[in-house]
Amino acid sequence: MTSGNEIIPAPRAVEGPTRCGVLLDDSTVLWAAPGTGSTERWLRATLGAALGLPLPPGPAEARGGVRLLLDDTLEPESYRLSVIADRGVEIRGGDPAGVFWGAQTLRQLLGPEAFRRAPVRPGTRYGVPHQIIEDGPRFPWRGLLLDVARHFMPKEGVLRYLDLMAAHKLNVLHLHLTDDQGWRVEIERHPRLTEVGSWRSRTKFGHRASPLWDERPHGGFYTQDDIREIVAYAAERHITVVPEIDVPGHSQAAIAAYPELGNTDVVDTRSLSVWDTWGINPNVLAPTDNTLRFYEDVFEEILALFPSEFVHVGGDECPKEQWRDSPTAQARIRELGLAGEDGLQAWFVGHFDTWLAARGRRLIGWDEILEGGLADGAAVSSWRGYAGGIAAARAGHDVVMCPEQHVYLDHRQDGGAEEPVPIGYVRTLEDVYRFEPVPPGLTPEEAAHVLGAQANVWTEAMEDPARVDYQVFPRLAAFAEVAWSRLPAPERRDFAGFERRMVAHYERLDALGVGYRPPGGPKPWQKRPGVLGRPIEGTPPMR
Ligand code: ACM
């Protein structure tokens with residue numbers, strides 16, 4: 001039997017457990033109060049499949065049953081899970097999400113078999129020790145970014161990641177839908193974005209300085225119905241999907257589809273194709289009215305698909321050379337009285353800031369967007385360390401902390417030459433566990449602008465789901481604990497205790513079929529054969 005002391009992310013308080021417990025079997029009934037329907041459906045579907053517990057509806061007072069209810073004395077997303085002799089299992093949530101997170105804890109208490117898709121021991125009775133767990137999140141934004149642009153993740157993979165996020169009480173999926181190497185969302189008014197922009201003919205293998213190519217075409221995109229399905233699947237799990245359309249840099253796939261979006265007075269944009277290698281691309285959007293109208297069309301369709309309050313507009317890594325050389329861009333700078341090319345970038349992002357605000361949404365972008373001043377409601381994803389986040393919080397903007405030094409999960413997990421995806425710098429499981437989203441030096445008022453934290457998964461070197469799993473796990477478990485639990489200051493965190501608790505969690509991940517990096521390093525089959533993917537001597541890391 002699993003106790004609350006082995007839950008990941010760690011709950012706030014556990015009373016008990018005792019050696020006795022409540023037994024759940026195929027006669028156990030489920031009573032769900034109004035407002036708890038998503039958890040009722042999830043418990044029946046998940047525990048029904050995994051353990052053969054059908055959880056038929058039954059009265060609230062049934063002995064030994066499962067009860068779900070709302071309790072307005074609890075905070076949003078918080079829950080109280082009680083396992084008490086005779087009374088059974090009760091989950092009270094401060095809101096429907098709180099009940100759902102409580103159900104995630106119940107699943108962990110039922111043992112690793114609860115993470116399978118069919119019973120391996122049909123007819124078993126499953127014990128849950130008597131205990132009371134009080135729990136709730138530290139941050140309202142507990143995010144994971146999936147870069148589905150560099151390597152496409154088919155819809156099925158995204159749905160699976162939503163389930164993995166739910167199991168770790170993460171609640172924001174940031175979908176990086178567009179980049180130089182691919183456009184991944186159907187836009188009805190501009191069909192070439194996916195007809196042309198979603199496929200590339202070949203792909204650089206490994207580091208951008210590598211001489212190796214994968215000569216197979218790579219691509220794919222989500223139809224609007226796929227997106228509706230992803231968003232609804234996420235919502236049922238109390239996860240918000242934040243879409244990212246990256247402008248004005250990272251846009252070569254869009255320019256390959258519609259060459260007039262690029263700086264046609266500087267380069268022959270008709271000769272551009274979807275980019276097949278990595279790095280920072282000089283082919284950025286032209287700062288013209290035509291480009292603004294085009295992207296307004298795109299964002300209109302994005303708003304119709306994604307109910308998220310926040311819409312991410314990228315804004316990172318936009319080289320200014322083409323604007324410097326473009327008479328059109330220079331004329332725009334003069335006409336608007338802007339401070340050079342940096343002012344042009346600020347004007348471009350500012351346009352969509354105002355445009356989104358007028359539609360009741362809030363812009364969020366990478367920390368480069370701070371450089372030109374922002375509308376009041378805009379928020380910042382702080383990725384180049386903490387500095388952008390600190391400056392944003394001090395200026396009264398909300399911040400999501402995702403510094404590459406801690407939570408870029410594309411970065412290698414060990415300093416040896418054995419990692420199959422050997423890019424970036426070394427970010428160990430312990431580095432992630434000791435990540436502190438609120439930097440020292442902020443006043444309490446400024447710190448309140450830190451909405452939370454996000455782990456970012458850039459997929460240049462992750463061409464299939466197995467590589468994604470390897471990079472994401474087990475580090476996402478450590479990240480979840482940072483974002484959910486109230487851990488002490490980084491240097492006082494009990495990493496050895498976390499590793500001990502991970503023993504039970506690896507069994508859950510095994511039952512889920514997650515291809516995590518095993519403790520101690522990659523297994524032979526996880527290593528890259530030969531030189532493929534290894535950094536080329538003397539070149540900088542990928543990022
Ligand atoms: C980023 O990593 N360019 C946001």
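Values reported hereafter were calculated over all heavy atoms of this structure, with side chains retained and with hydrogens, waters and symmetry mates removed. Atoms within each ligand, like the ligands themselves, are counted from 1 in listed order. Remember, predicted model here, so these are calculated numbers, not experimental data.
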- Message: Test of understanding: given a 4.0 Å heavy-atom threshold, classify the contact between Glu404 and ligand 1 as side chain, backbone, both, or neither.
- Response: neither
- Message: Can you confirm, on distance only, whether ligand 1 has an N/O atom lying under 3.5 Å from any N/O atom belonging to Asp316?
- Response: yes
- Item | Close-contact set for ligand 1 against Tyr408 heavy atoms, below 4.0 Å | 1 (C), 2 (O), 4 (C)
- Flag the pair Glu481 and Arg493 as a salt bridge only when some basic side-chain nitrogen lies within less than 4.0 angstrom of an acidic carboxylate oxygen. no
- Message: Assess, by modelled atom type and distance only, whether the side chains of Glu300 and Trp355 contain a donor and an acceptor separated by less than 3.5 Å.
- Response: no
- Non-hydrogen atoms of Thr269 and Thr264 that approach each other most closely: OG1-CG2, 3.4 Å
- Decide whether Gln330 and Glu341 meet the rule of one side-chain donor and one side-chain acceptor closer than 3.5 Å. yes
- The atoms of ligand 1 lying under 4.0 Å from a heavy atom of Trp458, numbered in the order shown, are 1 (C), 2 (O), 4 (C)
- Task: Looking only at distances, please establish whether an N/O atom of ligand 1 is found under 3.5 Å from an N/O atom of Trp383.
- Result: no
- Message: Taking Glu317's backbone N and O only, do any of them form a donor-acceptor pair with Glu368's side chain (distance below 3.5 Å, no angle check)?
- Response: yes
- May I ask you to check if ligand 1 and Glu317 share an N or O to N or O distance below 3.5 Å? yes
